[in-house]
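Input: a single structure, listed below in structure tokens.
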2 protein chains.
Amino acid sequence: MKHTHAEENYLKAIYMLSEKQESLVSTTAMADFLHTSAASITDMIQKLHNKGLVIYRKYQGVTLTDRGKESAIKILRKYLLWEVFLVDKLKFGWSEIHEIAEQLEHIDCDTLIDRLDHFLGNPYCSPHGIVIPNADGKIIDKPRWLLTDLSEGASGIVSAIKDDSVAFLQYLGKRNIYLGAKITVIEKIQFDGSTDITIDNQYKINISRKITDNILITL
Amino acid sequence: MKHTHAEENYLKAIYMLSEKQESLVSTTAMADFLHTSAASITDMIQKLHNKGLVIYRKYQGVTLTDRGKESAIKILRKYLLWEVFLVDKLKFGWSEIHEIAEQLEHIDCDTLIDRLDHFLGNPYCSPHGIVIPNADGKIIDKPRWLLTDLSEGASGIVSAIKDDSVAFLQYLGKRNIYLGAKITVIEKIQFDGSTDITIDNQYKINISRKITDNILITL
DNA sequence: AAATTTATTTAGACAAATCTAAATAAATTT
DNA sequence: AAATTTATTTAGATTTGTCTAAATAAATTT
Ligand SMILES: [Mn+2]
Ligand SMILES: [Mn+2]
Ligand SMILES: [Mn+2]
Ligand SMILES: [Mn+2]
């Protein structure tokens, strides 16, 4: 099934708002999220209902059908992978990527996203730490730790960054730390809380507690 | 000035068709190129005329104004850089990229394309050999020759291909001829107009006049 | 030169996505 | 419980981009 840009935005929005709460998604929540009028939301929701993508109960709210959810997850996957691309490859700061990925998510090509996924090293989650659905639409929750909490000898993959600032992203770039990099904890220095690590079993560096507190690791 | 997707497609189309011929671009040529009805073309051309992006003379045809040309070149730059990305980074074949780049060219972000340009190593031309306008919209033309016109002993770099049919691209792939390959003319055969060449000082092959007529060389 | 064919424009319609203003339902306050 | 406020829907309008069918202009053939 192919959707228009607007339909895709609505489907993804419903999905994301549904994740945050149990109940049906309200018209105003949608209007707020998408910066459109409540009237427009009602309009589109009714269209999506007629297409079997959502279940809509007047004055109650909306929820995704299985088909709608499947579509929403595909769009979210595209959105998140493009975010990884923008941060990891083009060195954008966090604040700038949302608007661009919001456009890129609509690019329609069967093979493009899977190639992008591979090119990016099959990242586990977006720069914001949101888990990226796999090509089958499955969302696999791996446990995650702060790099701070890894013990000596342990290793894992950099999967998200908690700090937004350009300064931090630049620091990471300079130290060859990127999403998908393999980090091994060599030694934890008691005195100042810093950690000796290797990146991709190659570069050995020491990073401070402030750094390890802002890096999320999966196995 | 910001344009809609459709406007951008029209502007780029007029630019590309204008490059191939001296005279005004006709309605049918546009309709053919964009796979839309002649009536739709006339409609949109009139809108673009009212916005000062094209000069349109009824029944005669259309040409870009300076403002229109500036916009068209920006879109073309985006289109070509995304093509490089798709081939160079995501390993798409030349035949698959057109449709995707046709979508990606509409992504709107001031900094995105310049970062992409840098990420790709500031390529001189697209996979099809079309020169990529720089960030200022300047198109710097290096001199190029048909491979046919190189004399014996001369060598140069494959920088463009005049025929982008799948058949020709497949032929080139099979013979290890690619953009950036170094070709040296070993001998020009008078009898049938064919040429003996080496590719990257490695493979020695004979190619026909029809082939050399479709390969452009820079030094 | 007239007839015919081809190219182009105009007219009228339509779908998609949005808006504002008015109507109505639901929730909250008094 | 009634009044008021808030949320939601409906009605009507607008913009964008497209189409088909009919009208007209330009080019070509007879
Ligand atoms: Mn985001
Ligand atoms: Mn979007
Ligand atoms: Mn192309
Ligand atoms: Mn396009």
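Letters go in sequence order (proteins before strands), and every chain restarts at 1.
Atom CG in A:Asp43 sits roughly 9 Å away from atom C1' in D:dT9 (whole-Å rounding). We find that CE of B:Met44 is positioned 9 Å from P of D:dT16, with the value rounded to whole Å. Protein atom CG of A:Leu34 is 8 Å distant from nucleotide atom P of C:dT18, rounded to whole Å. Whole-Å rounding puts the B:Arg57 CZ to D:dA25 P distance at 18 Å. Taking atom CD on A:Gln46 and atom P on C:dA16, their separation rounds to 15 Å, with Å as the unit. Rounded to a whole Å, the CD atom of A:Glu8 is 10 Å from the P atom of C:dA17. Distance NE2 (A:His5) to P (C:dT18): 12 Å, rounded to an integer number of Å. Counting to the nearest Å, the P atom of C:dA17 and the NE2 atom of A:His3 are 12 Å from each other.
At a threshold of 4.0 angstrom between heavy atoms, the contacts of A:Thr28 are confined to the sugar-phosphate backbone, with no base atom among them. Within 4.0 Å (heavy atoms only), A:Ala6 reaches sugar-phosphate atoms of the nucleic acid but no base atom. Using a 4.0 Å heavy-atom cutoff across all strands shown, A:Thr4 reaches sugar-phosphate atoms only and no base atom. Among the atoms of the strands shown, base atoms are found under 4.0 Å from some heavy atom of B:Ala38. The residue B:Lys47 sits close to a base: some heavy atom pair falls under 4.0 Å.
Remark: C:dA11 base-pairs with D:dT20; criterion is Watson-Crick or G-U wobble with both hydrogen-bond distances under 3.5 Å. Under the Watson-Crick or G-U wobble criterion, with both distances below 3.5 Å, C:dT18 is paired with D:dA13. Nucleotide D:dT29 forms a pair with C:dA2, judged by Watson-Crick or G-U wobble geometry with both contacts under 3.5 Å.
Of the candidate nucleotides C:dT18, D:dT10, D:dC19, D:dT10 has the atom nearest to the side chain of A:Lys58. Considering only the side chain of B:Thr42, C:dT8 comes nearest among D:dT10, C:dT18, C:dT8. Nearest to the side chain of B:Tyr56, among C:dT8, D:dG17, C:dA11, sits C:dT8.
Comparing A:Tyr59 and B:Thr27 against DNA chain C, the residue whose closest nucleotide sits nearer the 5' end is B:Thr27. Toward the 5′ end of DNA chain C lies the nearest nucleotide of B:Ala29, the other residue of the pair B:Ala29 and A:Gln60 mapping further downstream.
Checked for salt-bridge contact, B:Asp114 and B:Arg77 meet the test: a charged N lies under 4.0 Å from a carboxylate O.
The two atoms that bring B:Leu112 and A:Phe92 nearest to each other are CA-CZ, 3.7 Å, heavy atoms only.
Applying the side-chain hydrogen bond (donor to acceptor under 3.5 Å, both in side chains) rule to pairs touching residues 40-57 of chain A yields A:Glu7-A:Lys51, A:Ser37-A:Ser40, sequence neighbours excluded.
For the pair B:Arg115 (side chain) and A:Leu90 (backbone), a donor-acceptor distance under 3.5 Å is present.
Less than 6.0 angstrom separates the ring centroid of A:His98 from the ring centroid of A:Tyr79.
For the pair B:Tyr10 and D:dT16, the criterion of a side-chain N or O lying under 4.0 Å from OP1 or OP2 is not met. Between D:dG17 and B:Ser40, no contact under 4.0 Å exists linking OP1 or OP2 to a side-chain N or O.
In this structure, B:Lys142 is positioned above the aromatic face of B:Tyr124, its NZ or CZ under 6.0 Å from the six-membered ring centre and within 45° of the axis.
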